[in-house]
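Written out below as structure tokens is the structure these notes cover.
The basis for the numbers below is simple: all heavy atoms, side chains too, and nothing from hydrogens, waters or symmetry mates.
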Amino acid sequence: MWRTSSTAGAVVAGPNPCPPELVVAGRERQKAAQFVRDWLKGARPQPLHVRGGTREEALLFVAASLATSPRTEREQWLARALVVESREAWRWAVRAHQAQPLVLLPGFEDFDPGEAVTSNAFVVVPEDASGSGRPHVLLEPIPFKSFAEVLVHAGVREADAERLAREAGGRVSAYQTLAGYRAPSRPGREDEAALLVMLLAGAWTPSNEADQEALRRLGADPKEVEQLCAARSREPGMPIVADTERWGGKSWRWASSAEAWKRLAGKLTDTQLRTFVDVALEVLGELDPQYDMPKEERVYAAIQDKTLRHSSALREGLAESIVRLSLSDEELKATHGVSLGSWSAEIKEGRARAAILVGAKADPDVEGHFDAVREQWVRPPRWPASHTLALYARADGGFSVWDPIRNAVPSGNGRADALSMYRFTPETLWNGLDEHGTTWCNGLVRDWVHWQYRRTGLFDSLKEVLAGLSLPDEPLRPGSPARVSIHQALDIPTLEMSYGTVPVIHASAAVRRVLGLAYLLVWSWNEHREAARLAGQPVTHRLLLLIDEVESHLHPKWQRLFLPALLRVIQRLTGEVQVQVVASTHSPLVMASLERHFDTERDKVFHFGLEQGRILVEEQPWAMQGDAVNWLVSETFGLKQARSQEAEQAIEAAEAYMRNEALPGYESPGKINQKLQETLPGNDPFWPRWLVASGAVR
């Protein structure tokens, strides 16, 4: 029952695509496995009805229950277990005379359990989801946490384990398909059209007329799709499940959209894909009418029928289908050949689109646009080559690096010796980046310790960058590496802080983000120089650093010095390299920290705003504000006052009263005074104005 698969091994990097521990994972399945073992200990053999998503899963569960038993029992039961795959083998098994009763697991459907019982044999009766009656064992979906933990224990990388657990939806059969252990089955001709429309839609609400029209445009009658959904919800294979909306309606979605795409994507036609692009652009590009309403009235949008035409189920389903489409190259290649993606949308005039124009005064602009279906930017042949080393620090703690030498040559024709860029999650940043069987980066933990033990110039650079980014009263000083776990043979870098030695893996979120940025600055610059030496090319003279939410996790004391300090350490690290920093922030302290360094000839400030559901990017003239409070009430941040919202409302009511324009509910000075006392401290500068205006002080 536990065959291996070379394909699956390549996908999930694990020794077995379906370990027995996975099939019995979770509290409910553990109870069911013990029920199976207790059944085998019975004095008289009886049939055992086990119902899973498929008959194969039911048999697999029984086999896993035996395989995960205590050693003595496991050896006895497995020695007596037979997987019977034909009628001839069944006849032999029920007539065989054994000292101990056999355990029969029939792999075919037409058999009589009574024959086995009469012959003193235990027999499993596997059932799929369409079975009727009450089985002895009903297999529930495996919980996500248990699913992922078993895969990690079996040797699957944590990120892959969580992805597979999420996409499988707790179903073993879906996992087998996703891992390549079971070949995807194809739909029958009778329901293929409706299935493919459901595949592209992803989810929908039958009672929504706009959803119905979208399904018609995709190529199927909504009534036929609804009948298909209802039937599939009761059948094995690729189940479709019903969700109850908050308002009581019903929507349909795939139990595992990943499995559905694995099985069905190869059936999609060029026409269907083109139609899908048009439908997705129309549905997802619709402007939300609630943003035409005043902000304070948007809570009543549903009552006033100011809502999107299509259901949230369809919008989410189409969005996920766009992602699935971009991940289904192998399944689509058989239909669309090596020119996969050539059918992608030719966005019509007037349609919403994302594009980047690149050019200079002497050259015409070159446009690159975002392909929403393939979920990637498309660059034309004339797109200018970049010789800039680029680092992107994301708000989630991840990073991306683009090297003009290492990443400029795309990997193609089956090559896996180059990456389009280095994408680091928080986990891979610290523990190493491995893709296509190649280690592209050892990660912060291993590199730090390696540099420190070897006493290399890289460690000196790291110490210098950390010192430059530190708070004056709390420097980031590397300590001696230390072993922190009895279960892991790995030394961990440490920091000598004022309150003691701290392993970096236990540092605060702010310190970890700074450590990650410092490490990648040193690593990427060193790797670029090594690549230039090996390739016989010059080292770049430009570095671009993009930082999202630069203040993320940082204490205010750190916020007001971080960007200037970062510019200084990069300059010291790289020498004469031209450095450009693009940073986003919501912090007035970050803006205040730049006042002494801002050069109006070179530097720019852009403001992102929202107007009627559209994002506007506007350049703002630079103006020093002096302190964080003035920045908060500047045009950049747009607050009326640097106080709480309640205090702001109380002061507005008081000022309206002083202008003889009392606001509703605040006609008397006594009520306003009470509100001011609740929201303002005694030393607030507004008190003198109010006390004089209200007559309390003369």
Side-chain angles (χ1 to χ4, degrees), residues 7-8 11 53-54 56 128 167-169 171 173-204 211-212 214-241 252-281 283 314 316-345 371-375:
T7 302
V11 172
T54 63
E56 180 188 12
D128 58 33
E167 293 181 348
R171 299 172 55 244
S173 58
Y175 167 74
Q176 290 175 309
T177 300
L178 295 172
Y181 183 51
R182 184 177 63 178
S185 60
R186 300 301 180 190
R189 298 294 301 178
E190 65 281 357
D191 58 4
E192 182 176 296
L195 266 178
L196 293 179
V197 167
M198 182 62 191
L199 178 73
L200 292 171
W204 69 297
D211 283 15
Q212 295 176 20
L215 263 60
R216 289 189 190 95
R217 290 183 58 192
L218 288 172
D221 186 325
K223 291 183 179 179
E224 293 180 2
V225 179
E226 185 172 12
Q227 291 171 359
L228 169 78
C229 292
R232 285 275 171 171
S233 68
R234 300 186 296 269
E235 295 177 0
M238 296 174 294
I240 297 173
V241 296
W252 294 103
R253 63 173 175 83
W254 292 102
S256 171
S257 62
E259 182 191 15
W261 275 90
K262 187 83 173 178
R263 295 195 185 193
L264 300 174
K267 290 285 186 177
L268 292 169
T269 66
D270 184 88
T271 300
Q272 288 172 319
L273 292 174
R274 288 182 180 275
T275 303
F276 168 76
V277 171
D278 290 336
V279 172
L281 284 172
V283 175
L314 180 64
E316 292 171 7
L318 290 172
E320 183 171 2
S321 291
I322 292 172
V323 176
R324 295 293 173 202
L325 197 57
S326 68
L327 299 175
S328 300
D329 283 13
E330 292 303 318
E331 289 75 17
L332 289 166
K333 195 172 292 182
T335 306
H336 301 278
V338 295
S339 61
L340 174 65
S342 61
W343 49 265
S344 59
D371 187 327
V373 175
R374 298 168 66 189
E375 211 173 40

Ignoring hydrogens, what is the shortest heavy-atom contact between [X] and [Y]? Give both atom names and the distance.
X      : Y      : result
Lys267 : Gln272 : O-OE1, 3.9 Å
Val279 : Leu218 : CG2-CD2, 4.0 Å
Ala220 : Ala193 : CB-O, 4.4 Å
Trp204 : Pro222 : CH2-O, 3.5 Å
Ala280 : Leu318 : CA-CD1, 4.3 Å
Ser321 : Leu200 : OG-O, 2.8 Å

ask   = Taking Trp254 for the side chain and Gly317 for the main chain, is one N or O donor matched with an acceptor at less than 3.5 Å?
value = no
At what distance, to the nearest 0.5 angstrom, does [atom1] of [X] lie from [atom2] of [Y]?
X      : Y      : atom1 : atom2 : result
Ile240 : Met198 : CD1   : CE    : 4.5 Å
Glu224 : Leu215 : CD    : CG    : 11.0 Å
Leu314 : Asp211 : CG    : CG    : 4.5 Å

query = Do Asp278 and Arg217 have side chains that get closer than 4.5 Å, going by heavy atoms?
reply = yes
ask   = Side-chain contact, heavy-atom cut-off 4.5 Å: Phe276 with Leu268?
value = no
